[in-house]
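This chain uses plain numbering: 1 for the first residue, then up along the sequence.
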Amino acid sequence: MSLFQNIVIIILLIIGAGFLSLTEIALAGARRVKLKILAESGDERATKVLMLQEQAADFFAASQIGLNAVAILGGILGEAAFRPYFVNLIDRFYEGPWTETIGFALSFTLVTSLFILFADLMPKRLAMIAPEKIAVSVINPIQIFIKVCKPLAWFINAIANTLFRLFKVNTTREDNITFDDISAVMDAGAQAGVLQKQEHHFIENVFELEERNVPSSMTTRENVVYFTLKESEASIRQKLGEYPYSKFLVCNEHIDEVIGYVDAKDILVRILNNQSLLQLNENTIRTVLTIPDSLTLSELLDRFRSTKEKFAVVINEYALVVGVITLSDIMITVMGDWVTPLEEEQQIIKRDNNSWLIDGSTPIEDLKHALEIDEMPDEDNYETLAGFMMYQLRKIPRPADVVIYTNYKFEVVDVDHFKIDQLLVTRMLEPNATPSTEQE
């Protein structure tokens with residue numbers, strides 16, 4: 001054959017190999033979620049791609065048969081076509097025993113480079129740009145190619161399956177989507193501008209409901225406002241005016257003897273109708289939902305939905321009340337910054353880019369968000385920043401006690417009756433991977 005004929009054949013072989021490389025990467029990289037969306041919209045080719053991904057052994061066997069056959073044939077033709085011309089070119093400048101070897105090396109390098117560039121590298125990079133679109137476009141011709149190679153592909157797959165079983169290799173593809181997968185998609189969407197920053201924040205908070213426990217969002221015991229059975233009408237009126245809550249616990253004598261709760265609306269109706277409150281009774285007291293403090297916020301949402309309640313009292317393993325929580329508290333956890341209280345009531349106050357004043361009762365999850373910390377040490381052992389300090393210091397903290405973790409310094413600023421009211425958190429220039437403590 002002439003040089004022109006050889007070049008035409010090599011070009012055709014490169015095109016064939018490039019098509020197989022493009023198809024191989026596109027079918028392997030096509031995301032099932034996007035393919036399912038295309039299939040549900042009526043694209044039958046997307047359904048075929050999904051079926052091929054589930055039974056990909058035949059395709060990969062056929063693809064490798066085609067790629068290797070084309071590469072071998074291209075090498076043979078290319079070496080035979082170009083070597084004489086390289087030898088003649090070399091004879092003009094060099095005459096010696098290495099002429100044939102140099103000519104072979106140059107022809108081999110040329111053909112190999114052409115196949116690497118145009119039949120392997122460029123097609124694969126193109127396939128990674130839009131794998132789903134390309135996979136759907138090539139599925140029909142590739143199915144024909146698989147049928148042509150079926151006999152040999154079956155034989156090769158039989159050997160491969162035998163070896164896999166011999167070495168106990170599991171070849172089943174797992175398509176389970178984890179939270180990390182979804183989080184990565186959300187991060188990519190936020191970076192691409194598909195998700196607004198606030199939307200991204202909302203979605204992250206929704207997923208955190210499965211991990212955050214009830215104490216991270218409840219009103220703590222010391223902040224619970226409650227009525228007793230013998231509460232005077234004047235005291236009830238005063239609490240209604242002073243605290244803008246919609247529901248109040250009703251206890252016998254102290255907070256751990258919970259009887260139920262009253263809706264502020266019921267009491268206000270009596271006041272507006274000029275009816276005497278006298279003492280709280282069965283007509284105004286409702287049965288309260290009681291939950292353990294070990295529940296997650298997601299489990300509490302299910303409990304609220306099944307009981308039709310929006311208010312619950314939280315108890316610990318000793319049957320002591322540790323706080324109360326409402327449906328609104330969970331929604332505030334999800335909404336985050338959009339429902340942040342006024343500046344003076346904030347738990348986290350940013351002083352500048354490297355320091356924060358933080359309330360000791362701040363939930364650890366809120367702290368991690370504010371400081372952009374992925375995880376805290378042994379965080380299963382505490383719920384709040386105060387708990388973190390006590391866990392690290394191994395004592396009741398005093399003002400000026402310090403804990404250093406990663407590149408943050410946590411310093412106790414104010415303690416009231418053994419309760420950590422406020423801490424100063426400062427970002428340090430040099431990170432410290434392990435927590436350390438300084439005590440006055």
Gap separating the [atom1] atom of [X] from the [atom2] atom of [Y], nearest 0.5 angstrom:
X: Asn157; Y: Leu152; atom1: CG; atom2: CG; result: 9.5 Å
X: Ile420; Y: Leu385; atom1: CD1; atom2: CG; result: 7.0 Å
X: Phe164; Y: Ile159; atom1: CZ; atom2: CD1; result: 12.5 Å
X: Thr23; Y: Ile146; atom1: OG1; atom2: CD1; result: 9.5 Å

With a 4.0 Å cut-off on N to O distance, would you call [X] and [Y] a salt bridge?
X: Asp366; Y: Arg212; answer: yes
X: Arg221; Y: Asp256; answer: yes
X: Glu54; Y: Arg32; answer: yes
X: Glu231; Y: Lys239; answer: yes
X: Arg305; Y: Asp302; answer: yes
X: Arg237; Y: Glu233; answer: yes
X: Arg45; Y: Asp43; answer: yes

Contacts of Tyr382 that satisfy ring pair (Phe, Tyr, Trp, His ring centres under 6.0 Å) - sequence neighbours left out: Phe388, Tyr391
All ring pair (Phe, Tyr, Trp, His ring centres under 6.0 Å) counterparts of Phe115, not counting sequence neighbours: none
Only counting residues at least two apart or in another chain, list the ones meeting side chain to side chain donor-acceptor pair (under 3.5 Å) with [X].
X: Glu372; value: none
X: Arg351; value: none
X: Arg303; value: none
X: Glu257; value: Asn252, His254

Provide the full list of salt bridge (Lys or Arg N to Asp or Glu O under 4.0 Å) pairs with a residue in [range], sequence neighbours left out, each pair given once.
range: residues 322-335; answer: none
range: residues 145-168; answer: Asp58-Lys150
range: residues 125-136; answer: Arg31-Glu132

Val425 and its side-chain contact (heavy atoms from CB on, under 4.5 Å) partner, picked from Ile358, Leu357, Ile348: Ile358
Shortest non-hydrogen contact from Ala264 toward Leu240: CB-CD2, 3.9 Å
Minimum heavy-atom distance Gly323-Met218, with the two atoms named: CA-SD, 3.9 Å
For [X], which residues count as a side-chain contact (heavy atoms from CB on, under 4.5 Å) partner, sequence neighbours excluded?
X: Thr109; result: Ser113
X: Thr47; result: Ala39, Met51
X: Gln143; result: Lys48, Ile139, Asn140

Positive for ring-ring contact (aromatic ring centres under 6.0 Å, His included) with Phe311, one of Tyr261, Phe304, Phe248: Tyr261
Polar contact flag, side-chain donor to acceptor under 3.5 angstrom, Glu383-Ser216: no
